Structure formats: C-alpha cells, structure tokens
Protein chains: 2
Amino acid sequence: MSAHPDLVKRPAPKLMLSIQQSLSGGSLSKRFGQGMSKSINLKELSQQLNLSQTTVSRALNGYPEVSAETRKRVAEMADKLGYAPNSQARRLATGRAMAIGHVIPRSIHEMMNPIFLEFIAGAGETYSEHGYDMIITVVEDAQEEGAYREIARRKKADGVIIHGPAVKETRHLLLKELNLPFVVHGRIPGAEETTSWIDMNNRSAFQRATDLLLDLGHTRIALLNGLEHMDFAARRRRGFEDALATRGLTPDPALMRRADMTEPYGCDSALELLESDNPPTAFLVSSMISAIGVARAVGQRGLRPGTDVSIVTHDDALSFLPNSGAVPIFTCTRSSVRYAGQKAAELLLKIIADPSSKPECLHLDAELIVGQSTGPAPAR
Amino acid sequence: MSAHPDLVKRPAPKLMLSIQQSLSGGSLSKRFGQGMSKSINLKELSQQLNLSQTTVSRALNGYPEVSAETRKRVAEMADKLGYAPNSQARRLATGRAMAIGHVIPRSIHEMMNPIFLEFIAGAGETYSEHGYDMIITVVEDAQEEGAYREIARRKKADGVIIHGPAVKETRHLLLKELNLPFVVHGRIPGAEETTSWIDMNNRSAFQRATDLLLDLGHTRIALLNGLEHMDFAARRRRGFEDALATRGLTPDPALMRRADMTEPYGCDSALELLESDNPPTAFLVSSMISAIGVARAVGQRGLRPGTDVSIVTHDDALSFLPNSGAVPIFTCTRSSVRYAGQKAAELLLKIIADPSSKPECLHLDAELIVGQSTGPAPAR
DNA sequence: TCCGAAATCCAAAGCGGTTTGAGCGTCCGC
DNA sequence: GCGGACGCTCAAACCGCTTTGGATTTCGGA
C-alpha cells in the first residue's frame, strides 16, 4: 500500500545527509561560479523591501489591503530579483493543487492516441492560461482506479478529466465517491444529467453522413466503426442505423465492423469487403486514420475514391492529418477535438472554482463537409 | 511578472472565506452523507497508533530506526485508514518536486504530434514506476523560455526533457543556467559531450535505407524529409547524401523536400515529383504518416508500390500506425519512440538522483526492415 | 478637537509532511 | 558492575507560503 517498495532500500538518513550536503555544496559553488543567482524566497524578498511577508504576499496576490504605491514597489523588486512563489509551498498553504489530472490507461494510450493528444493540447492551452498544471499519469488498466485514488488521497490534482467513456462506465461513480471534480470527454449513458460533460453529437453526425450517402444512391454502405463498447462508437452506430431505418433499410451485419481505429484496420476491412460477393459502394468510417487505410485499399483494387467507391469519415481535425483545402480529400463530419479539450478544461476549472454549481454540458455539432471522396452510387 | 493579472480582481479575503466555509461545510456533510471517509493525515494516523509522527513517517519511508514490529503495525493501520502522505507537504519538506516537466511549444505540438505522444507514453510509464509525476506545459513558442524559468523558480519539476532539438539549439544553455537537470530527446550539435541525450542513429539509418534502394538499382531517389532546421532531419539528409556520394552520385535538389511530416505533404510532393520530366523511381520518407501520403499518390497515378515505385520510410513504431506483420507494408527503418521515452526518463531520473554524474547518452540503432513497398528499379 | 472608519501593515498560526538532536531502556564486553 | 553501543521513540524545528486577527496610522465629519 505504501508508495514505493524501494524506499526501504534507501540508505540510512545520516549517510544520505552527508551525500546531499556535499552535492549541494558542489552545485552551489558551481552556480555562483556561473554567476547564477540563487532563487529567492518570500522572506528574503520582504527583507529586501523592509516589509512583512504578509504585505508582500498580499501585494503580489492582488489583495486590496495594500496601497498602490507599495504594490508597485513590491512588484518591481520581485521582478528585479526574479521572485516567484514556490509552487509546493503555495499549494500546501492554499490547499489547492492548482493542477488537473489526466489518467491514461494503456487501453487508451494504445488505441486513441492521436485524438487523445490533440485533446490534451487543447486542454493544456486552457490550463496554462489559468495558471494550472497538467499532470498526466500513464498506468496499466488494472491500476486505473488506484491512480484516481492516489490523486484524491495525496491531493495531487483539483480535478480530472475522464477520457473515452465506455457504454458501461464506472469511473464517474468512483470520482464522486472520492469527491474529485471531473468533466467527461464524451458522455456516460445514464449519467447525462448528473455529470458534466462535453461531447460532439455522434449520433446525428453519423446519421447525416449516412443520409448523404443514401441521397447519393448508395444502399450498401459499410460501417467501419471504433470499438463499440465505447460510448461514442455506440452512438455513431445508432446514427447509422437510424438513417437506414428511416429509408426502410435494415443494416447488413456483414457490412459492419468495429475495432481500434488503425490504418491497417481500414485497409484490411475494405479489401475484404470489396472482395465479397455483394460489396458495398460506400464506406462510413469512424476515423481519418482508418479512412486513409480504406483509401489505400480502394487504390489497390484499382478503384477511384469518389467515383467507384464513396468514403465518408469522421474527422477529428488532427493537426498532422489535415483534411482541408477548397475541396477536402475526404468527405467528412468534422469536429475539433482540440477545441473540445479547451472547453472541457474551461468547464472543469469553473466547476473547481464553484463546486456547488450544477452539472453542465456542452454539445458540439459536427459539420458535414463534402469533399472529393463521395459521389453518386455507380450503376450496377 | 506576477502570475495572473486576474488575481487582482479576486474578492476581498473576508468574503472569500465565508464562501469557502459554506462550501466546504456543504461538501463535508455531503461526503459523510455518502459514507465517505475524510482523508486522513499523518498526525491523525500517529494518534491512532499512539506513536509520534516521526516514528510513523520513518516507518512508512523505510528508515532503519524502526522495529520490524512497529513498522508492520504502522503499515497495516495506514492501509486500513487509507493514508497516503499529502504530495504538496512532502514535496515542500523534501525540497523535491517529484515531477518531471515537458514543455511543448506550439511549433512542436502542431507538428510532431504523434511522435511526441508516443514518447510521452513511454516516459510516463517510467515516471509512474518511480513515483514521479509528469507535468506537461503547453505554450506559445515565444513563452517557451519563460515556461522553463517558471519551472525552475517555482520548483515545479526536478528536471525536464528537451524535445525536438534544432540544429541551432539554445535551450540546453538556458537549462544549465537555471541549474535544471535535463535529458535531450535527440542531439544538440556541438553539445554531444556536455549534455545527456538519447537518440537514434538517424544518419546511418538513412544511409542504410538509401543503400538498400541503390542496391535495388534505383538512382533517382526522392527524399521527403522533415524540416531541416531540426537536428534529426539534418542528420537524415546527411545519411542520404553520404550514401549517394559513396556511389559517386550527387543528390538532385529537385528531388529533395522538407516540411512538416503530414499526410498531404507526402501525397502532394509525390504527385508533383511523379509528374515531373525525370521522375524518381523511389522515395525515402521521414515519417510513416507522409509515407502513407506517398502511397496514396502512387495509387492515384495508377502505380503499384514495390513494383513501379519503391518507398522506404522511417517508422517510429507508433501504436496506431502499425507497420508489422510477416511482411510489413512499408520497407522501413524502425526505432521505437516509446522505448526512447522510457529510456530518456530513466536517464533523467538517474541524473536527478546523482547530479554530479557525468553526462551520459544512449544511441539507439534503427533496424532496417524490408517490407512490401520496395523492389528492383523498373527498367526504363 | 475628537472619534470612528478606512487604509496599511504586521506577528504569528497554520498547511502536512520530513529531519534533527536528544532521551531512555537494554544488552554486551571487560 | 560499569561504560558505551544500540535500538527505539519523541518533541520540536523547518520547508515557504497564505491567512488570521489585531495594531497602528490617517483622515473626514461632527
């Protein structure tokens, strides 16, 4: 239970002390040798200013009890001496960690990699703006719960973000028990009202995408979905099926697949399907990465995307996979994950600032963008 | 200079207090209402045990002055009560942040996205194992230096990792001035001896890749490189040129490109080159992502990779872009970035544990793997 | 002129750990 | 039988900041 077994192996304190001393002595002389200024603390700063620590602290933190003149004097001296309050001390004193935690279990960091990063990048921007740190914990799946408990017990973060909610999700219950504020990226079925979340409209996006294909005359449409134990994928499938049902069509299980959204998944699936007896004329794909695979398969079969085979994909607007231009390569439903990250962070910070606030959510609508990869269904 | 301008707008302390009190009162009752146990601190734990804080702390931290029996008793009680030391307090007392910083400027997080994430995932695993936190700071390019200074001044992290060193790099100088331990992922030209780093052998990998193509009879080889102000890209280019030079060939500038390694970059470049008067018969590409673009272009032109056109790429072993199987899709030079992340983290932790140690480096060799995308140069 | 409010500032008490230096039995060797 | 080493434990200092609860000064208004 205690943190790290190897601590027991630590050398006896006496020994450690002597080592530490000799070391810090060494580095100190080195520092001064390089003309480095030792970083200053509040006490020293206040002595320089002939003020109390209280006043200096208040001046720097913008409390009203300090005269404008004093505040200015303090600010200038702090600036000159390069003072910045020690994070740990401040956190300890205020009781706020000034950090947000992101726990990524192996199943996520092996699977939705780029999407996750993009989200992180967005959230990180928001954190920076508000003086919060982002702390990321990479764990084995089995240790995920433990990671959250650690965060709560050791007060490592003031809140966390739940990534990739599953259809059967439980993390939110744990977090409520731990009293750890959180925001869900995605939605937790059955907890839409009681949790704060930000999500795109997966169902309607895929419904509209399917409609587009149906309007173009496609009736055999393959769905290459993400793993359907994930909430987002389940919703997308529902959108797909709803659109078909509206036209009186029943989905063909042979045309529906689900897996981690890798490139080979797209390629291999497409190849198989195209070789089948009754091949699809269109593909609806859950990720650009897999869609690229589909395009590769189509090319390998000597077919042309947009003419012989139509492809619609969801585009998370990943920065290294731009699908832009006047006419984007892929027809897609697009929703920026990075933006979602920014907003999720904002929402979480708001909740932390006012924990009594009601759960809030943000529903992003994906745009449907027609690109080069769709066209009328070829005549049989 | 002071942290956040908006702090000035904070309500007067009195007011804040009353708010905070009412809030914590509320959440407390709620917590107890849910049967939550308030997280316990060292003082309470030691009282439960009828021991001093000193003894309990030592028992938990594995110091030898505690009897085995007492240690066991302490451990069990801590376990039972779910005690874990408050991170902030511990950090303050020990003076160690127990965290590693990763600063990612916009130029990185927009450009080498997936590679960065993969590295992070590897490093994160190592940190977790050693009880370290990973803190990620996303900043505008102009604020990068400021971010490092903040980390040093506020003691937010015990060390940092330098990502994506440029040919003209200066961050290491800043970090030395700040006395902040660091490890470079990549190499800093001119500072190979004085900094700790971990890198793959970019030059020789690309030299071997080029040799492979030359051996297959290709003489017009296009190089689709990353941005060459980055050290890794400069080295790769050198490897390419060296291989050509060894065979008495001079590189054709018309066949060499450099850009952010996106998918469209690969596709567009390949299309252009293939349409030129004297098109290349082979492509050497710096990233799987761009290589996929090249493959798309090749397909669009009605050509077959490995038969009509050869493609060799560097493969960072990104988890969502597997290039495996008995015969991988792409012939590649492969080196796991995730592994590099693990190793970099290990190295950094070692340096932090013993700051007087000499700079150390780790040179990873990329393997050359022959896949489906290469073949003999077509007869003209 | 005097008084209470407002404006400033301060000493000291936390926050929750780690580490110091000392205290007190016990046991061993001489 | 005695001095000293050892094993175990503790009270208190400290890390660097925020926040409390005054204390002091200033100043407008009666």
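Everything numeric in this text was worked out from a predicted model, so none of it was measured. Every chain is numbered from 1, with letters handed out A, B, ... down the list of sequences.
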Quiz item: Nearest-Å distance, CG (A/Asn61) to P (D/dG16)?
Solution: 17 Å

Self-check item: side-chain N/O A/Tyr63 vs C/dT8 OP1/OP2, d < 4.0 Å
Solution: no

Quiz item: Separation of B/Lys43 atom NZ from C/dT18 atom P, in whole Å?
Solution: 16 Å

Quiz prompt | Check: B/Leu51 and B/Val74 side chains under 4.5 Å, non-hydrogen atoms | solution = yes

Exercise. Could you pick out which residue, B/Ala68 or A/Ala89, lies toward the 5' side of DNA chain D when each is mapped onto its nearest nucleotide?
Key: B/Ala68

Quiz prompt | Nucleotide C/dT18, atom C1' - distance to CG of B/Leu45 in whole Å | solution = 15 Å

Quiz item: Roughly how many Å is it from NZ in B/Lys72 to C1' in D/dC8, rounded to a whole number?
Solution: 18 Å

Self-check item: Residue closer to the 5' end of DNA chain D, B/Val56 versus B/Lys155 (nearest nucleotide)
Solution: B/Val56

Quiz prompt | Test: B/Glu144 and B/Arg106 ion pair at under 4.0 Å | solution = no

Practice problem: Nearest whole angstrom, please: distance from the P of D/dT18 to the CG of B/Leu92. | Solution: 12 Å

Quiz item: The side chain of A/Arg90 lies closest to which of these nucleotides: C/dG17, C/dC9, D/dT18?
Solution: D/dT18

Quiz prompt | Selection from D/dT9, C/dT18, D/dG16 that lies nearest to any side-chain heavy atom of A/Asn41 | solution = D/dG16

Exercise. For the pair A/Glu169 and A/Arg171, find out whether any cationic side-chain nitrogen is under 4.0 Å from an anionic carboxylate oxygen.
Key: yes

Quiz item: Which part of the nucleic acid does A/Gln88 contact within heavy-atom distance under 4.0 Å: base, sugar-phosphate only, or nothing?
Solution: nothing

Quiz item: When the distance from CD of A/Gln53 to C1' of C/dC9 is rounded to whole Å, what number comes out?
Solution: 14 Å

Self-check item: Value in whole Å for how far the P atom of D/dT9 lies from CZ of B/Arg73
Solution: 8 Å

Quiz item: Does a side-chain N or O from B/Thr54 land closer than 4.0 Å to OP1 or OP2 of D/dA11, or not?
Solution: no

Self-check item: Selected nucleotide, minimal atom distance to B/Leu42 side chain, candidates D/dT18, C/dT18, D/dT9
Solution: C/dT18

Quiz prompt | Among D/dC17, C/dG16, D/dT9, the nucleotide that comes nearest once only the side chain of B/Thr55 is considered | solution = D/dT9

Quiz item: What's the CG-C1' distance between B/Asn50 and D/dC10, to the nearest Å?
Solution: 13 Å

Self-check item: Nearest listed nucleotide, side chain of A/Glu65, among C/dT18, C/dG16, C/dT8
Solution: C/dT8

Quiz item: Taking the six-membered ring for Trp, are the ring centroids of B/His185 and B/Phe119 within less than 6.0 Å of each other?
Solution: yes

Quiz item: Below 6.0 angstrom between ring centroids: does that apply to B/His102 and B/Tyr127?
Solution: yes

Quiz item: Would you say a side-chain N or O of A/Ser67 is under 4.0 Å from OP1 or OP2 of C/dC9?
Solution: yes

Quiz item: Of all the nucleotides listed (D/dT19, D/dC8, C/dG17), which has the minimum atom distance to the side chain of A/Ser57?
Solution: D/dT19

